[in-house]
Structure formats: structure tokens, C-alpha cells
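The chains referred to below are lettered A, B, ... by the order of the sequence lines, with proteins before strands, and numbering in each begins at 1.
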Amino acid sequence: MNWKIFLIVLINLLFIVFPYNIIGCGPTPDTYDEHTTFFHNDLPRSKAYRPFYFINDNFLYNPMARDTRADEFSEEWAGYCQHKVSAQQAYKFICTSDSSAIASVVAQLAKKQPNASTTRLYDNPMTSYLLQKKDTAALQYILFSKHAEVYRTVGDQSDPWTLPVRDSLAINQLIQEGLKGYFTTRNRFVKDRYAYQLMSLTFYNGRNSDCIWYGDSLLKYNPSTKALYSAALSYQAGSLLQQKRPMEAAYTYSRAFGISPVGSVKNYVSFSWIVHRHDPTERQKLLALCRNDREKADLLALLILGSNTPDGAALKEIYRLAPGAPVLEVLAVREVNKIEKFYLTPHLHKTPGGLTLYTSWDDEEDKKARPDKWLQEAKDLSAFYHSASLDSNISNKALFETAAAYLSYITRDYTQADAYLDRAVTLPASGILKDQQALTRLLIAINKTPSVDEAFESSILPSVQWLEKKAADDKGTTAYNEFSRTCSNWQQFYRNLMTEVLAKRYHQQGQVYKEALCIGNGERMNSQTGWNIYGYDPQQTKGFIHDSMSTADLLALDGLLQRPQKSPWDAWLCHHFVVTRDEIKTTIATAYIREYRFKEALSWLRKIKDPHQLELERNPFGDPIRDWQDTTYSFDKGSFDKITYISTMASLMDKARNKTAAATGLYKLATGYYNMTYYGRAWAVVKFYRPSLMGHEDMPETTAFEKEYYNCYTAEKYYKQAMDASHNRNFRARCLFMMAKCSQKQVKRGASESWDHFDKRFMYNKYFPQLSHEYGNTEFYKEAFNTCSYLRDFVRKNK
Amino acid sequence: MDTPPGPFFHQWKNVSTLTLLCLSLCFCSCRSRPAAPRAPDHAFYYWRSVFSLTFLEKQSLQALHVNKLYVKFFDVAWDPATEQAKPIAILGIRDTSFYHFKVTPVVFITNETLLLIDTLSIAPLAASIVDLITQLQQRGHLPSPNEIQLDCDWTAATKDRYFALIRAVRGWLDTHQQKTCSLSATIRLYQCKYREKTGVPPVDKGLLMCYNMGRLKDPNARNSILDPDELNKYTSHLSSYPLTLDVAFPIFDWKVLFHDQKYAGLIEDLPASTLHNCPAVRIDKDNYYSFLRDTSLENYTFQAGDRLRDEQSDYAAVSDAAALISRQLKNPPSTVILYHLAPANLSKYSTHELENIFNRFD
């Protein structure tokens, strides 16, 4: 039994029968690495909007985003305690201590000399602070909130497996106590907290009208308690929705969103469920509810935060209404990222050269209009961002001017881009923004230079090395919104620059060898940092040099790699190339073999040090009747290598040219040619990968090599010469059969040809009539007839 | 001297013999007839997180003689912030019509939870699940359930943990005097067919989900909800499945969105009429729509080149599926369930059609 075949079949069967959804999951795609980008999404100063950085492929942001209310409230308490208490200490005092511990502090208030050390919270500075201040109101409130906590969810602190107690009578009692507390104290900070508690208790108790009323009457806005105010507004919005007042609810959610980022994802999600974003009538109704320009701006911002369409007009409107709105920065960056997604990525995809790292849309008539739309958007926004950067109301002018410069780069107005950037670098900017400016400068330089020559290479080398270092140092799996990252922004930028920008410039200049080096450098970052972009094939450089480079290109590459004196740029480019010298030599040899230049190929094969690169698994001159490449026959015993194979071919070719070849020599030559086709047993001398499932209509035949590789013309020619040179009928039968095999490969199914029609043509081999007629009584014919089902079918059908 | 028996004796003897003979004949002719098979219960899945029946739903349930509801009490998902399993979408009860039905709590557990949970946390998780079900039962003033169902699309990687969780839930139920409460688990068709790989969950019975059998994310698939050709591939092994099986059939629909030939999500409330009336939409063959231009419809935006696959559970397909399954099952199911109860789903079928689906197993 052939165990090898058995195992192969068994393994294949297992893969066939094993359902797709049991096979273990592959790596999770990085949600932020789905389009070409060079514009860092984390440029906005406020990090509160990180959950809303542009992602095209998700409907909703992650609803499991962490509730930060407890943190925000703790900050407010720390402020209340005049920062003599840290936020962590306030958190510990209020959120993690139980009500009896708080009660022990409250009990001290009755004493003339309150003593923090006798309380259970003696080690928390907040205890001392509140006792020193004799802040009865605050302590009573905190105790009240601990009692109320049982009846409402309090973010992460509640045990998710214990249902909140919904004792409506007990909650009503608490509401009464809360109202008493509210009206008793004059402490505005505490009053607002009672109002918040009252709104949440009435919300959870189904007293929606009361919740709304308390929000309107009891809650007062205070800049130092924005988080509380925003959280309270969310309850009011929820009550409005329960009362089937969706427009008011949506408006209130937008107010809550605009006032503080606490609960921003929840507010956004709730808002999104209510509104129809693209309904202009509804938009007007919502805007009509807004009391001032800032509210209108916040509402418009919420409407476009989930959008992946051009929103320049809305952005300008938000700017007009509230140029100081913090959300403006993230909206501005989002628009740039959208333009990268919908214009820059497909534009680069269509530019020859380099690699395509991201899929793009198909080519359809109507889609051709889209790039123009986004290009116009980019031009408009570039001008707008520049003018915004001149506005004194804009605090982060550098961001807008840098964005203007970057968009001008995208629209290929490099003069404008440089002008904007020259101004941007003079403006105050954060570290990350300065880095963005440096990257933008580099992009402009690479794109505007008429040619990437040695002088230019030398000028950009420090910048590219800087970018390389930033990428290597950026471990950055910054998880925005709980999505995991598999590569950092700077790693993306470096990889994209090398493979999608620089490589393409070299391609334009016909310097394919440098194009390969750029691709290899882009891939290098992948393997060095262990970062693995989902779908990014680490073998792409090898694939490029195997299939996209001519012999001349490969020689140029090798020449540069082994040149002792290199320019600093070339030295840097070559130093980290991911493909070994032996692999390059193998590729050069392969390129020569493809051209049938066996002597040149031999000279390169002999330079290869790694013996594994030269091994062949099967006898390259074996000629079984069936094309079973993986079967081993008796003539496969022994070892075979490329050098012996190709030197034999070279020798046989010489004799064929000199017309000194015997029939058997010509046959062997033909078999050697046959075996270096797709159907042969030594395809590895001309290809690095052979998919086994290509049908007769799938073969790409754009080059002379591919035509030969899939059609066996040369083999057929030499089989015929062998046949003509012999008088041995058995031998001639064999030659004719091999010619039939070659000609069979040339029968291709037409695009609109039916399978029935194709099958008929495929089966009627042009050599079979002669074979069966003239050689039907030979020993070989009998062997072929018994082995080859095509021949049998032909004979039976034509009897 | 013996007195010969008188004529009465002979008469009595004859009568007795005759009587005995008749009685014997009667006993011989009696044979135990098998009890008429009990018709399966009619049931619906209730999958919304607030229990509140509309008038249409109440009417339909009554007309279809539905006496059971499989109500999702909560999901168990993985919280990456706390690195623990936690319940989400906990059921809220707003309706007393609960009391007219036998309610089976269903808990959906994400496969991700089982992948990430520590094995030592499985037993506490089981306890938490049973405890939360009990809390919800008490809150809703419902009697203790006769059955609890676990729903999880487990894989080979999570099989052991899932089965351990099931055993732990069973153990917890037994410990807390709920021994009469049976435990069931949903079984997907492929899990039925490839049970050597996927295993058979250690439950009292299974619920065979006769839907979601196709390749949802395949842009060339026909209908991932219910495809007769796909169904045929999975049903030949049903009769030998080692668990008693109830069955569930779909009555829902959705549209599958593809962007750049990649799966981009599900859309559930976009009527076909909206697509048909939109000039930017091209109706392709089969059940596909293509967007010719960037478009906004309802609350969704689509880009030029996006494609929608409209997947329906039309009556004929569901009815045929029910017929096929009924022939393949070794024993008739005790319950036939439709997924899921919602006004939009009910309005697509006549009562007669839904009755027919149930009646396939009567």
C-alpha cells in the first residue's frame, strides 16, 4: 500500500469533511488597519473621543466600552476636596467602602473633636478632610448614596450576577429622603448630587415624569461637575424615550454627549437607535429643539460621528456654530481618514508598482464618479482647514494646518502642501503632531521630486530612518474602544510608505530592483517586531521577486546587494532585505531556465550554497503515462538535483542544435522540457508554487514563459523530432502519445463555451486517430490503452 | 354409593365451561394497543430582552394552541475589562401574559466566553447562571421551570469547557432541589452530523436548530437561514443521534450586507419594498441587490458596489424542511418550536401556514 498517497488522501478528506466553522479561528483583523493611512487618528488632544475614531467596517461602536462614571465622579470629589485628596482616594472612600464604614465617619460628626482614627476609614485622607471641615452635608449625602446603590446599578461596581433590587416602595422612600437632603442643604455640589440620585432612582422606579421634572428643576449646570450633569441628563433622556418622546430624548442625549465624554458611547448608541441620520426633516426637528449654537453643534456632531460619507458641509456648520467645540478635532481627523479610505487607497491601488495591501472596490461605471467626489472633498477641506487654522477661536491650529497640508498632498498640490506645512511647524504642537508634520513632509518630498535619484535618496535617508525607528519603538497596541490592535499606527505608516509610495516611485522609474528592496523593507518590520497584520503575507517579497521581476531586474538586484561600495541609502536599503542571497541566486537561475538559457542558469545554480535549494524530489526525465506529479515510480529511486538536470538539458540542446542528437536523446530532451511545465514532475525548476486546482480556463498566459509553461509547445516539438528520427514503431508510438499529451494541454475552454462542448473537443485528441490507426498493435499502445482513460474513451467512441 | 351428578350440575358445568371459554377467547383477543403518540407541544422562542406581548402575538399564540415559550433570560458574554463572564441583555418583564405559558428559560453563552474562561471559573459560572435564572423567576413570580435550555454554538476548541459547564449546571440544579428540572441544549445541524468531533452534550435532550445552516459570510451563498440543499446534507444522521431531539424552525428573515465582497453585517428592518422602489438599487438574480450609487435608506448608508442578500424563511421551504426532518427523526419530538416570536415575523404567514408547520409532527 502506498502510505504516502493514503495519508495525503486521508488528510485531504479530513479537510473536506471538517466543516468550516469548526476549524479554529484565524487572527482577528485589526479594525484600524483596513485602508492606507499616513494620518494618525490619535492626533486630537482630547482622548475622550477615541471610541469614535474612524472605522469603516463597523456599524456600531463597541457597546462593551467601559463605564468611566466612577472615575469621573471621583475626580469631581477630589476637586471638591480642593485636591487635598486624590481621585483614587476619593474613589476608595465613596465607591469601595460599605455603608457601615461611612456611618462610622458620620457618627464622628456629632462629637466635639471628631477623630478620624477611630473610624474604619481612618487611613483615607478624605475622612480627615471631611471631618475637619465638619462637612455634614457631604457625608450625609455619601451615606445616602450607599443606601441608594442597592437599588440601582452603579457601573462596574455592581455584581453583574445579582439583579438590582427593584423594591419600588423602598425606592420611593429613598426618593423622599433624597428630596429632603436636597432641600435641606445649601451646598450646591451636594445638591446637584442629590438631584442626580433622584433622577436615577425615579428612572429605575418607572417614575419617568418625575425624572424629567427633577432634571429640569433641581439639576443645575456647574462646569466643575460636568460628568455628573451629563450622567444625570442621560437618565432624563431615557425617561423621555420611555414616554415616547423620541426627539426630545435624542436631543437630551446629544446634550449629555456634548457636556462630558462620560458615557459617550452609551449616549451615542442610544441616540443612534432613535434618529434617522439622513432624514433632513428629522434633522431640522432636532435642531429646532436646541437652545443655542453649541447645542446645535453637539447634535450635528453626533449625527455625523457614525458616518462614512463626506461630511465636510456638516463639519463646516459645526465649526460655524461652535469653533471651540472639542469634538471638532476628532471630526476633522475622521474626515481625513475617510478620504484616505475612499480616495487615497483606491488611487494607490490603481498606481502600478509596489504592493496592494488593501482591497478596493470593483470597477463599475457608477463607481468611477466616486473618486472625483472624494477628491473634491479633499480639496474643499484642505482650504477649509487652512482657514480654520487662522481663526483665533481654534485652539489647536497646528492640527488643522497640518491636516490642510496632508490633504493637499493627497490632492497632489505639493506646492500648497509645503506652504501649509511651513506654517504648521511654526505653530505650537504636541509631540505626536510634530511627528505627523515630519511624516507629511517626507510624503510630500517623495511625491513631488521629479526623480528619486542618489541625491534625493541621500536627502530623505535621515527621515526614513527616523520613521523606521518610530515604527520599531511603537509597540502600540493602543486599544481604542476595546478593539485589539495587531499593529501600531507607526508600523502601518512605515510599511505603507515603503510598499505603497516609495516602491511605486521606483517602479515608475523602471528600477524594479529598488522596488523589491522597498517591499522587502516594508515586510521586514513585520517579521522583526513579530507584528502580523491580518492578511499580510510575509512571503510577499519573495513572491514579488519570483514572479514580478525579469532576469535583468534580478541581476540588478543581486548586483546591488553584493556591491561593496554602496551609497548610504543603498546600504540602508540592502542591509535589512528579507530575502537571502541564495534565494536571489535561485530566482536568477530560475529566470534563466524559464528562458531556456540553461548555461547561464547553470552558472547561477553553481553559486548557490544551500543544497536544499538545488534538490529535486523526482526524476526530471521520468515519463509516466499519467501526469501524476506526486507519485514516485521505480525510476525515481536515487537523488536528483537541478544542476545535473539543467546541465543534461544544456548538453542535449547542444546536440539538438547541432543535429547530432539521436532519437532517444531528442526524446529525453522533450521529456525534460515537458517536466518543467505545469504538468511535469520538475515544475519546481521554473516555479516556486504550483496550485493544483487550476482548470484549463484558468491559466494566465501573458508572458512567453507562461505560454510555454501551460501549453508544452517545445516538448511537443521535440517529441515529434524524436519520432521522426526513429524507425522503431514502439518508440514512435510512445513519442506520438507524448505529443498527444502535449496537445491536450493546448485545448482551452472558451469563456462562453459549455462544458459538454469543451469535453468533446478535449477528448478528441488530434493525435489519437494516427496513434490508434498506425500503432494500435504495438506493445506501448496496449500499455497506453490500458492506462490512459482518454485514449480508451476516444477509441470506444470512435469504433 | 356415589350419587351421579344431576342435570343442574351438567348445566352449570356447561355454562361454566362456556363462560370460561368465552373469557379465554376474550383475553386472547385482547392485545395491548400502543398508546396514541402524544402530539408535540407547540412553542415559540421569545428572544427580545423585554417581555411584552403585542395583541397580534397573543392572538397568534392562542390560535396556534401554543402552550410553551422558550424565553431568553440573558446572554453570557465575556467582559474584556474585568476578564470575566457576565450576563448581558437580562430579561425585563412587563407583561403578565407570561403566566399563561410554560416558560423555559434559555441562556445563550457566547463561544468566546468559553474560549477565554478559566476552567476553575466554570463551576462558579454555572452557579451564577442558575442563581440568576432563579432571581428572574422570582421577580416574575413564575413557578420553578421544568426545563432550562442552554444555547451555545460550541466548537471543537470549546467542547470540553461547554460540557463541563453543562455538568456543573446539572449539579447545581440537583443540589438546589431542582432535580426534576430537565436540562436541554441547542444542537446545530452540523454538530449533529459531525458528532464524533463536536461531541454530544451531556443533557437530557437536545433542540435541533433547523436553521442558520449555510455560510452566512460567503458572498456567493444562497440562503444561510434555510437552504434545502444544505439541509439535505445534514439530515441523514439524525436517526442515530443519541439524544432525544426537539426541533426548531425559522420564521425570521434578514438581509446580509457585503462590502468589498466581505461580510459587513446584518440588516433586519429594511423592507424589500424600500429596495425595490429605490432607483439606486439594482435587483440582481436570485435574492441579491446591488447598490449602484452611494445611498441612504432608512437608517443605513450604503456605498456603491455594496450588495445585499435577502434571506427569507418562506413557508414552502420551512414546510418542506419540517417534512424532511419529521421523516428522519427516530422519535417524534416532544416540542416543535418556531424561531422567533415577533409581530414582523408572524405577519408574513397565515395562521394556517404556521399550523401546518406544527402539524407536520402531530
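Residue B:L297: no heavy atom, backbone or side chain, is found under 4.5 Å from chain A.
When all heavy atoms of B:P87 and A:P160 are compared, the pair lying nearest together is CG-O, 2.9 Å. For the residue pair A:W161 and B:Q135, the shortest heavy atom distance occurs at O-NE2, 3.1 Å.
Atoms OG1 and CG, on B:T301 and A:N308 in that order, are 4.5 Å from each other to the nearest 0.5 Å. In this structure, the separation between OG1 on A:T162 and CG on B:L132 is 8.0 Å, given to the nearest 0.5 Å. Taken from OG in B:S296 to NE2 in A:H276, the straight-line distance is 12.0 Å, to the nearest 0.5 Å.
Heavy atoms from other residues, nucleotides or ligands lying under 6.0 Å from CD of A:Q243 number more than 12. Surrounding NZ of A:K47 are more than 12 heavy atoms belonging to other residues, nucleotides or ligands, all under 6.0 Å away.
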Would you sort out whether B:Q303 and A:T309 count as a side-chain contact (heavy atoms from CB on, under 4.5 Å), showing the intermediate values?
CA-CA 9 Å; B:Q303 293 169 31; A:T309 56; over 6 Å; no
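B:A344 meets the side chain to side chain contact (heavy atoms under 4.5 Å, CB included) test with no other residue; sequence neighbours excluded.
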